[in-house]
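This one's a predicted model, so the numbers in the text were calculated from it and none came from an experiment.
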Amino acid sequence: LVGLASALTGNVLTPLEEMHKHLERRHEREKAALRHMEQQEMAAAAALEESARWKERATGELQEQVRDQDDKGKSKRSLLRLLKPAFAKTEDRLQHAANVQTAAVEELACRMDQVAEKRASRDKGAQTHLGS
């Protein structure tokens with residue numbers, strides 16, 4: 001019986017213990033990878049929030065420039081006014097505000113895509129981790 005127990009220990013228990021250790025290491029690696037993906041998603045979400053704030057500021061600035069131009073346009077509509085450098089400066093400020101808002105919207109869209117990508121990656125990692 002002692003010989004049988006020794007043989008079973010060497011042939012069955014030892015490989016099972018090794019497999020258990022291997023699975024534990026794999027589980028820890030997957031948990032670490034999942035934590036890393038969650039951190040990446042949180043960083044992308046924070047960048048998205050900042051982009052949304054920038055877009056709101058840019059939109060507000062653009063609306064202010066449009067109102068200013070409308071107010072100035074209502075005061076005097078003459079050909080001479082259109083030729084003045086002040087009108088060109090107002091147009092430049094309006095164009096700049098529009099360009100800033102366009103850039104902010106494009107960055108916001110990019111950040112939204114990044115968050116969606118990170119979230120999908122994290123979800124896939126979680127499914128893989130739970131499935132193993």
Side-chain angles (χ1 to χ4, degrees):
L1 269 164
V2 173
L4 179 62
S6 175
L8 286 176
T9 299
N11 292 334
V12 176
L13 184 61
T14 303
L16 285 176
E17 287 174 339
E18 289 175 5
M19 184 175 74
H20 183 262
K21 288 178 184 176
H22 172 75
L23 290 174
E24 281 181 336
R25 285 191 301 270
R26 182 173 142 195
H27 177 74
E28 288 302 317
R29 283 192 308 269
E30 288 174 353
K31 277 179 28 180
L34 186 57
R35 279 192 303 271
H36 180 70
M37 285 184 257
E38 288 170 344
Q39 290 170 345
Q40 286 182 325
E41 181 188 357
M42 289 188 315
L48 174 63
E49 289 175 14
E50 180 58 34
S51 292
R53 285 191 292 274
W54 180 41
K55 183 229 166 239
E56 289 304 315
R57 287 190 307 269
T59 298
E61 178 64 26
L62 178 59
Q63 290 171 346
E64 185 178 317
Q65 291 297 328
V66 168
R67 275 192 304 274
D68 286 351
Q69 186 171 8
D70 286 347
D71 291 346
K72 289 177 183 178
K74 290 177 185 174
S75 64
K76 266 190 173 177
R77 291 190 187 262
S78 70
L79 184 57
L80 289 175
R81 185 185 158 300
L82 295 175
L83 297 175
K84 289 185 180 179
F87 180 77
K89 287 180 184 178
T90 301
E91 284 291 315
D92 288 345
R93 284 194 305 269
L94 180 63
Q95 185 60 46
H96 176 73
N99 290 341
V100 169
Q101 195 224 17
T102 299
V105 169
E106 289 172 353
E107 180 179 303
L108 181 63
C110 179
R111 299 290 186 186
M112 290 174 79
D113 289 345
Q114 288 174 349
V115 167
E117 178 185 312
K118 300 294 182 190
R119 189 165 289 141
S121 176
R122 187 226 33 209
D123 289 348
K124 183 178 178 184
Q127 288 174 349
T128 300
H129 180 69
L130 293 174
S132 58

**Prompt:** Rounded to the nearest 0.5 Å, what separation is found between the CD atom of Gln101 and the CD atom of Gln63?
**Reply:** 8.0 Å

**Request:** Determine the minimum heavy-atom distance between Arg111 and Ser51, stating which atoms define it.
**Result:** CG-OG, 3.2 Å

**Fill in**
In terms of heavy-atom contacts, Leu108 and Lys55 come closest through CD2-CD, 3.7 Å

**Request:** Carefully, step by step, assess Glu28 and Lys31 under the rule salt bridge (Lys or Arg N to Asp or Glu O under 4.0 Å).
**Result:** CA-CA 5 Å; Glu28 288 302 317; Lys31 277 179 28 180; 3.6 Å; yes

**Test log, rule side chain to side chain contact (heavy atoms under 4.5 Å, CB included), inputs Lys118 and Val115** = CA-CA 5 Å; Lys118 300 294 182 190; Val115 167; 5.8 Å; no

**Asked** What closest approach, in Å, do Ala97 and Gln65 show between heavy atoms, and which atom pair accounts for it?
**Response** CB-CG, 3.9 Å

**Prompt:** Got a second to check how far Gln95's CD is from Leu62's CG, nearest 0.5 Å?
**Reply:** 9.5 Å

**Asked** When Arg122 is tested against each of Glu38, Arg35, Met42 for side chain to side chain contact (heavy atoms under 4.5 Å, CB included), which residue passes?
**Response** Glu38

**Residue list, side-chain hydrogen bond (donor to acceptor under 3.5 Å, both in side chains) with His36, at least two apart or on another chain** = Gln40

**Prompt:** Below 4.5 Å, heavy atoms only, C-beta onward: do Arg119 and Asp123 meet side chain to side chain?
**Reply:** yes

**Asked** When you look at His96 and Val100, which way does the side chain to side chain contact (heavy atoms under 4.5 Å, CB included) test go after all the steps?
**Response** CA-CA 6 Å; His96 176 73; Val100 169; 3.6 Å; yes

**Message:** Between the side chains of Glu61 and Arg57, is the shortest nitrogen-to-carboxylate-oxygen separation below 4.0 Å, so that they form an ion pair?
**Reply:** no

**Request:** Determine which pairs satisfy side chain to side chain donor-acceptor pair (under 3.5 Å) with at least one residue from residues 11-21, sequence neighbours left out, and list them in order.
**Result:** none

**Asked** How would you list, by chain and number, every residue that makes a salt bridge (Lys or Arg N to Asp or Glu O under 4.0 Å) with Arg53, sequence neighbours excluded?
**Response** Glu50

**Within one Ile-Leu-Val-Met-Phe-Trp-Tyr cluster: Val12 and Met19, side-chain cutoff 4.5 Å** = yes

**Complete:** Rounded to the nearest 0.5 angstrom, the CD-CD distance for Glu117 and Glu41 is 11.5 Å

